[in-house]
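Step one of this worksheet: look at the structure below.
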Amino acid sequence: MIDPRILRSEPEALAASLQRRGIELDIDSLIALDVRRRNERVAAEELRAEQKNAGKSISQAQGHERDAAIARAGELSEAYKTALATADALDAEFNEIWASLPNVVDETAADGTEEEDAEELRRWGEPEDGDFLDHLELGEKHGFLDVQRAAKVSGSRFGFILGPLVRLEFALVNYAMDRLEPHGFVPVVPPVLVRDHALFGTGFFPGDRDQVYALADDDLYLVGTSEVSLAAMHADEILDKDDLPLRYAGFSTCFRRESGTYGKDTRGIFRVHQFDKVEMFSFVHPDTARDEHDFLLAREEELVQGLGIPYRVMNIAAGDLGSSAAKKYDIEAWFPGQGRYREITSTSNTTDYQSRRLKIRFRDDDGNRLVYTLNGTAIAVGRWLIALVENYQEPDGTIVIPEALRDYVGFETIG
RNA sequence: GGAGAGGUGGCCGAGCGGUCGAAGGCGUUCGCCUGCUAAGCGAAUAGGGGGUUAAAGCUCCCUCGAGGGUUCAAAUCCCUCCCUCUCCGCCA
């Protein structure tokens with residue numbers, strides 16, 4: 001949720017932001033609606049004040065005077081109810097539009113509206129070309145991946161991860177936690193079933209409702225990322241300024257319906273309905289949010305570099321940002337099996353978009369202010385496993401475990 | 001799943017139709033006092049949204065788990081839901 005005051009203070013900034021995202025909106029009529037709803041609210045509140053005063057006089061009045069006062073208060077009460085209904089209806093109308101608006105884009109986000117418009121910031125490592133097996137072929141060869149049987153059990157876009165690849169998964173998770181905890185990230189295993197307010201609060205509802213698994217019988221939803229649980233963890237709280245930044249590293253399974261992706265990335269476990277992920281999440285002072293964003297990106301690069309996987313960093317285009325993000329960096333790793341760079345992390349500065357919805361504030365010297373929230377992938381396990389096995393395959397198909405993970409897995413090669 | 005008890009401000013806790021956004025305590029902040037510390041004295045101290053203002057301020061409305069209802073008037077009465085605790089059952 002954007003600060004509605006932007007409509008009064010700098011509507012042209014909102015217009016510019018929406019334009020960069022490629023969204024059409026009649027801002028003038030929205031401004032008019034905002035004025036109307038506030039006027040109606042004031043009118044209703046004035047009636048309410050009158051009614052309350054009338055009510056107070058009742059307790060002091062006697063006899064006929066009292067009867068008359070009650071009648072008068074009754075009239076005011078009716079008038080107030082009518083005015084309140086009008087004001088509420090206008091608010092609802094306004095809020096429905098307002099809640100659906102995406103965050104104001106950061107001026108340094110890349111221009112454009114498509115994935116291809118992302119700006120490449122830098123590259124690291126030497127991508128290897130040549131004859132590489134992709135992860136599915138490697139999985140079949142070594143028996144650590146089974147999508148056939150997963151389809152039998154659960155349908156398409158699922159996988160069994162087996163044997164050494166499971167060890168590698170746990171190694172990756174521990175590797176990440178070991179490197180994040182010294183930076184103040186508190187490890188968390190959060191709930192993966194959440195209420196709708198958590199999804200609304202993080203900006204996934206109403207926009208991305210079709211991407212979320214719902215458990216209708218229980219009014220619960222499966223999270224697509226632990227960002228949802230981690231953000232909502234401090235909902236309705238007023239944090240101590242001295243506690244900022246608050247950093248968490250959440251490990252959870254993530255569930256995504258992947259609707260609208262038919263035929264896209266159907267091979268192996270690159271794009272599946274369920275995967276595990278370590279996610280970084282920060283609650284920070286507004287003034288430090290940009291630094292924190294760079295900090296999260298630095299943590300991601302550190303993790304990828306530690307494993308020696310070639311990658312590039314992308315500044316995502318304004319029109320390709322999620323609704324809550326003002327700015328987003330993706331790291332794309334080199335996947336020899338696909339012969340191209342693909343996303344393995346994503347970090348977003350969501351400014352106060354989520355904290356306004358979730359009411360997460362901190363005590364400042366002159367009042368309470370909304371915190372800024374940021375999130376970033378530490379390890380998206382599935383894709384990182386793929387990147388590892390594809391990049392570390394030898395000509396004979398053997399997979400070498402990178403130095404940084406050997407102590408965790410307890411072996412040096414697969415195959 | 002069954003039975004019971006509760007959810008009030010940063011925390012504890014009173015209030016159970018009007019004078020209550022709410023006693024009292026703790027905590028915190030500021031000031032005073034005390035040659036240190038502790039104690040003592042005085043004052044301030046919930047959140048949100050409007051109006052007005054250059055700002056300070058003034059003012060109005062909403063919020064006592066959430067949402068409905070009754071009433072001229074609801075923290076207080078009624079309904080639904082959520083959550084917490086205790087006991088029993090089940091269970092990794």
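Note that these values count all heavy atoms, side chains included, but never hydrogens, waters or copies made by symmetry. The chains referred to below are lettered A, B, ... by the order of the sequence lines, with proteins before strands, and numbering in each begins at 1.
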Any donor-acceptor pair under 3.5 Å linking the side chain of Ser355(A) with the backbone of Val371(A)? yes
Taking the C1' atom in each of rA22(B) and rU8(B), what is the distance between them to the nearest angstrom? 8 Å
Please give the distance between the C1' atoms of rC20(B) and rA5(B) as a whole number of Å. 26 Å
For atom P, what is the distance between rA66(B) and rG10(B), given to the nearest Å? 13 Å
Can you check the distance between rC33(B) and rU19(B), where both ends of the measurement are the P atom (answer in whole Å)? 41 Å
Testing rA73(B), rG18(B), rG49(B) for proximity to the side chain of Glu45(A), the answer is rG49(B)
For atom CD of Gln305(A), decide whether the heavy atoms of other residues, nucleotides or ligands shown that lie under 6.0 angstrom number more than 12. yes
Considering every strand shown, what is the Watson-Crick or G-U wobble mate of rG31(B) when both distances are under 3.5 Å? rC41(B)
Selected nucleotide, minimal atom distance to Ile238(A) side chain, candidates rG47(B), rC62(B), rC60(B): rG47(B)
Report yes if at least one side-chain N or O of Ser77(A) is closer than 4.0 Å to OP1 or OP2 of rU71(B); otherwise report no. no
Please give, in whole Å, the distance from rU52(B) P to Arg38(A) CZ? 8 Å
Considering only atom C1', compute the distance from rA74(B) to rG69(B) and round it to an integer number of Å. 11 Å
At 4.0 Å (heavy atoms only), tell me whether Arg36(A) reaches a base, stays on the sugar-phosphate, or touches nothing. nothing
Distance between C1' atoms of rU84(B) and rG25(B) (Å, rounded): 24 Å
Minimum-distance nucleotide to Asn368(A) side chain [options: rA73(B), rG50(B), rG47(B)]: rG47(B)
Within the structure shown, what part of the strands sits under 4.0 Å from Arg72(A) by heavy-atom distance: base, sugar-phosphate, or nothing? nothing
Give the ring-plane orientation class for His183(A) versus Phe185(A), where under 30° counts as parallel, over 60° as perpendicular and anything between as tilted. perpendicular
Starting at the 5' end of RNA chain B, which residue's closest nucleotide do you reach first, Glu50(A) or Pro4(A)? Pro4(A)
In whole Å, I'd like the distance from the CG atom of Asp219(A) to the P atom of rC83(B). 11 Å
Expressed in whole Å, how much space separates the P atoms belonging to rG65(B) and rG9(B)? 8 Å
Can you tell me, in whole Å, how much space there is between the P of rU80(B) and that of rA14(B)? 26 Å
In terms of the nearest nucleotide of RNA chain B, which residue is placed more toward the 5' end: Gln51(A) or Arg361(A)? Arg361(A)
Rounded to the nearest angstrom, tell me the gap between atom CG in Leu76(A) and atom C1' in rC61(B). 15 Å
Nucleotide opposite rG89(B) in a Watson-Crick or G-U pair, distances under 3.5 Å: none
Whole-Å gap separating P (rG51(B)) and CZ (Arg5(A)): 11 Å
Asp3(A) CG to rG49(B) P: how many Å, rounded? 9 Å
Ignoring the backbone of Arg48(A), work out which of rA74(B), rG51(B), rG18(B) is nearest its side chain. rA74(B)
Taking the side chain from Glu75(A) and the backbone from Arg72(A), do they hold a donor-acceptor pair closer than 3.5 Å? no
So is Arg149(A) actually on top of Phe160(A)'s ring, under 6.0 Å and inside 45° of the axis? no
For rU52(B), give the paired nucleotide (Watson-Crick: N1-N3 plus N6-O4 or O6-N4; G-U: N1-O2 and O6-N3; both under 3.5 Å), or none. rG57(B)
Using both distances under 3.5 Å as the test, list the Watson-Crick or G-U wobble partner of rG6(B), or none. rC83(B)
With a 3.5 angstrom cut-off on both distances, give the Watson-Crick or G-U wobble partner of rU70(B), or none if there isn't one. none
Rounded to whole Å, the CG-C1' distance (Leu84(A) to rG50(B)) equals 14 Å
Crowded around Gln19(A) CD? As in, over 12 foreign heavy atoms under 6.0 Å? no
Nucleotide nearest Lys52(A) (side chain, heavy atoms from C-beta), chosen from rA73(B), rC62(B), rG51(B): rC62(B)
For the pair made of NZ in Lys359(A) and P in rG65(B), what is the distance, rounded to whole Å? 16 Å
Calculate, to the nearest 0.5 Å, the distance between atoms CE and CD belonging to Met280(A) and Glu300(A) respectively. 4.0 Å
Separation of rG65(B) atom P from Arg195(A) atom CZ, nearest Å, is 16 Å
Pairing check on rC20(B): which nucleotide meets the Watson-Crick or G-U wobble criteria with it, both distances under 3.5 Å? none
